[in-house]
Amino acid sequence: MSTILAFAEARDGELRNVSFETISAAKQIDGDAQVVGVVLSDQNTEALADEMIHHGADRALVVEHADLKEYTSDAFTQAAMAVINEEEPDGIVMGHTSAGKDLSPRLASKLDNGLVSDITGIEGSGDDAEFVRPIYSGKAFEKKKLADGLTFVTIRPNNIAPLEKDTNRSGEVSSLDVDIKDIRTVIQEVIRKTSEGVDLSEANIIVAGGRGVKSEEGFQPLYQLADELGAAVGASRGACDAGYCDYSLQIGQTGKVVTPDLYIAVGISGAIQHLAGMSNSKVIVAINKDPEANIFNVADYGIVGDLFDVIPKLTEEIKALKV
Ligand SMILES: Cc1cc2nc3c(=O)[nH]c(=O)nc-3n(C[C@H](O)[C@H](O)[C@H](O)COP(=O)(O)OP(=O)(O)OC[C@H]3O[C@@H](n4cnc5c(N)ncnc54)[C@H](O)[C@@H]3O)c2cc1C
């Protein structure tokens with residue numbers, strides 16, 4: 001039986017959703033494989049390992065170490081390599097997140113193995129598995145196959161649905177002691193710039209504002225709509241450059257790449273660099289006063305109007321639906 005490692009991603013003692021998506025991807029790659037959930041963290045690893053099992057992992061392996069509190073290339077590479085050497089897997093799946101983007105090529109290089117990064121889908125399985133990934137800023141898709149070695153992929157968050165949670169599932173949890181040393185970078189402080197609440201890269205719904213929002217205060221109606229929808233707020237670079245919001249909210253070629261179920265673009269013209277970060281969203285709604293705005297070319301639904309009229313009305317309607 002083959003073994004596939006599904007790497008979890010923990011933050012402050014909790015798992016990010018992409019952790020569960022890696023298990024689902026591993027099962028799609030090979031339905032007969034033994035999927036091992038791997039948790040690298042400084043705390044709470046036993047409970048996190050159980051969560052991985054509840055989401056479909058057959059068993060779990062944890063490395064708990066004080067140096068795994070915040071992501072550093074050196075510590076996580078050493079921990080991950082120790083796990084890989086221990087398990088000698090046939091496949092590895094991790095999230096295409098900030099940490100995954102840094103860690104996966106390091107591991108691939110150490111293993112002298114190929115890597116298919118940022119995949120959004122899997123076709124076929126076993127030796128026939130092909131990995132679908134967007135190219136040219138999401139304008140086209142390519143299918144890739146690994147011709148040799150381990151099946152090593154990173155998955156774009158929010159594209160491969162996690163398996164249903166089943167708290168009755170059980171599996172073995174083992175731990176591995178790793179001697180982590182020679183860390184060349186030290187995290188002094190983590191300053192979280194994103195607002196409280198829903199994480200932009202994992203959000204199912206995003207309300208994003210552009211330069212049309214006109215000011216920092218202009219973002220307030222967007223936050224109110226986002227609150228009603230349980231959504232995260234994002235932005236175009238135009239809005240960030242104008243100082244209306246923090247760069248941590250920027251979506252696009254030089255910002256975050258997101259694929260929520262619903263993306264509401266408010267006062268955003270739809271420049272190619274913005275589309276690169278959101279055009280693979282499942283449903284796109286555009287609100288713009290210019291009927292010729294390019295964003296309408298990618299939108300499933302469009303509202304031509306002044307956002308300061310449309311957004312409060314939309315928020316009221318959604319509130320009313322909830323009563
Ligand atoms: C190398 C490079 C990388 C880049 N990376 C990114 C990136 O990652 N992300 C990104 O977003 N951009 C990026 N850009 C910038 C990009 O080219 C655009 O300049 C930017 O996306 C424009 O932002 P915007 O749509 O908010 O502003 P604008 O293009 O100014 O559009 C504002 C829109 O608001 C509408 N509007 C105005 N008032 C209202 C109102 N009251 N109600 C409704 N609609 C209204 C207007 O009709 C207009 O369509 C990059 C550019 C370069 C060169």
Side-chain angles (χ1 to χ4, degrees), residues 96-98 101-102 117-118 120 133-140 156-159 193-195 198-203 205-226 228-229 231-260 262-318:
H96 196 71
T97 56
S98 304
K101 280 185 231 179
D102 185 81
S117 63
D118 198 18
T120 54
R133 60 191 299 275
I135 50 171
Y136 303 125
S137 301
K139 285 210 277 313
R156 186 180 284 197
N158 254 344
N159 281 271
K193 288 275 189 87
T194 38
S195 56
V198 190
D199 182 334
L200 193 54
S201 51
E202 295 203 326
I205 307 178
I206 293 175
V207 180
R211 206 160 11 216
V213 170
K214 293 193 175 64
S215 66
E216 199 177 338
E217 301 76 60
F219 260 85
Q220 282 319 308
L222 276 68
Y223 275 104
Q224 283 156 14
L225 175 61
E228 285 305 320
L229 291 167
V233 172
S236 70
R237 178 155 142 189
C240 299
D241 282 346
Y244 305 161
C245 58
D246 193 85
Y247 279 103
S248 58
L249 301 191
Q250 186 185 319
I251 290 164
Q253 186 182 315
T254 44
K256 292 197 169 76
V257 175
V258 295
T259 30
L262 173 62
Y263 188 90
I264 307 179
V266 185
I268 293 176
S269 59
I272 188 72
Q273 296 89 353
H274 186 76
L275 302 188
M278 47 63 74
S279 61
N280 289 321
S281 303
K282 287 168 196 92
V283 176
I284 298 171
V285 176
I287 302 167
N288 199 301
K289 66 178 184 185
D290 173 8
E292 302 296 325
N294 190 47
I295 192 77
F296 289 122
N297 291 325
V298 295
D300 300 283
Y301 300 95
I303 302 174
V304 177
D306 189 318
L307 69 94
F308 296 104
D309 295 334
V310 175
I311 295 289
K313 281 186 189 143
L314 211 52
T315 309
E316 282 313 310
E317 287 296 327
I318 287 160

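Start at 1 and go down the list; that is how both ligands and their atoms are numbered.
Counting only heavy atoms of the protein, atom 42 (N) of ligand 1 lies nearest to L307 N, 2.9 Å. At the shortest separation from atom 38 (N) of ligand 1 among protein heavy atoms lies K214 NZ, 2.8 Å. For atom 12 (N) of ligand 1, the nearest non-hydrogen atom of the protein is R237 CB, 3.2 Å. Nearest protein heavy-atom contact of atom 31 (O) of ligand 1 is S269 CB, 3.3 Å. The protein non-hydrogen atom at the shortest distance from atom 20 (C) of ligand 1 is G238 N, 4.0 Å.
Using a 4.0 Å cut-off to heavy atoms of G210, the atoms of ligand 1 that qualify are 26 (O). When each atom of ligand 1 is checked for a heavy atom of Q253 under 4.0 Å away, the hits are 7 (C), 8 (O). For ligand 1, the atoms closer than 4.0 angstrom to any heavy atom of G255 are 8 (O). With ligand atoms numbered from 1 in the order given, ligand 1 contributes 6 (C), 7 (C), 8 (O), 9 (N) to contacts under 4.0 Å with heavy atoms of Q250. Close approach of ligand 1 to G212 (heavy-atom distance below 4.0 Å) involves ligand atoms 32 (C), 34 (O), 36 (N), 37 (C), 38 (N), 39 (C).
Looking at G267 next to ligand 1, an N or O pair under 3.5 Å apart turns up. Between A271 and ligand 1, a contact under 3.5 Å exists for no N or O pair.
Contacts with ligand 1 closer than 4.0 Å are made by heavy atoms of both the backbone and the side chain of S236.
Note that CG of D309 is 11.5 Å distant from CD1 of I303, once rounded to the nearest 0.5 Å. The distance from atom NZ of K313 to atom CD of E316, rounded to the nearest 0.5 Å, is 11.5 Å. Distance NE2/H96 to CG/N158: 14.0 Å, rounded to 0.5 Å. Between atom CG of residue L307 and atom CG of residue L225 there is a gap of 11.0 Å, rounded to the nearest 0.5 Å. Between C245 atom SG and L222 atom CG the span is 9.5 Å, to the nearest 0.5 Å. A distance of 4.0 Å separates CZ in R156 from CG in D118, rounded to the nearest 0.5 Å.
With D306, D290, N294 as candidates, the residue nearest to atom 41 (N) of ligand 1 on a non-hydrogen basis is D306. Comparing R211, K256, Q273, K289 by heavy-atom distance to atom 43 (C) of ligand 1, the nearest is K289. Among I251, I311, T254, the residue whose heavy atom sits closest to atom 9 (N) of ligand 1 is I251. Between atom 48 (C) of ligand 1 and the options I287, V304, N288, I295, the minimum heavy-atom separation is to N288.
Closest approach of D290 and E292 over heavy atoms only: OD1-N, 2.8 Å. Of all non-hydrogen atoms in A239 and A235, the two that sit nearest each other are CB-CB, 4.2 Å.
Each of L229, I251, V233 was evaluated against I206; a single residue qualifies, I251, per the side chain to side chain contact (heavy atoms under 4.5 Å, CB included) test.
Remark: the backbone N or O of A271 is not paired with any side-chain donor or acceptor of N294 at under 3.5 angstrom. Looking at R237, its side chain never comes within 3.5 Å of a backbone N or O of H274 through a donor-acceptor pair.
In this structure, G305 has a heavy atom closer than 4.0 Å to ligand 1.
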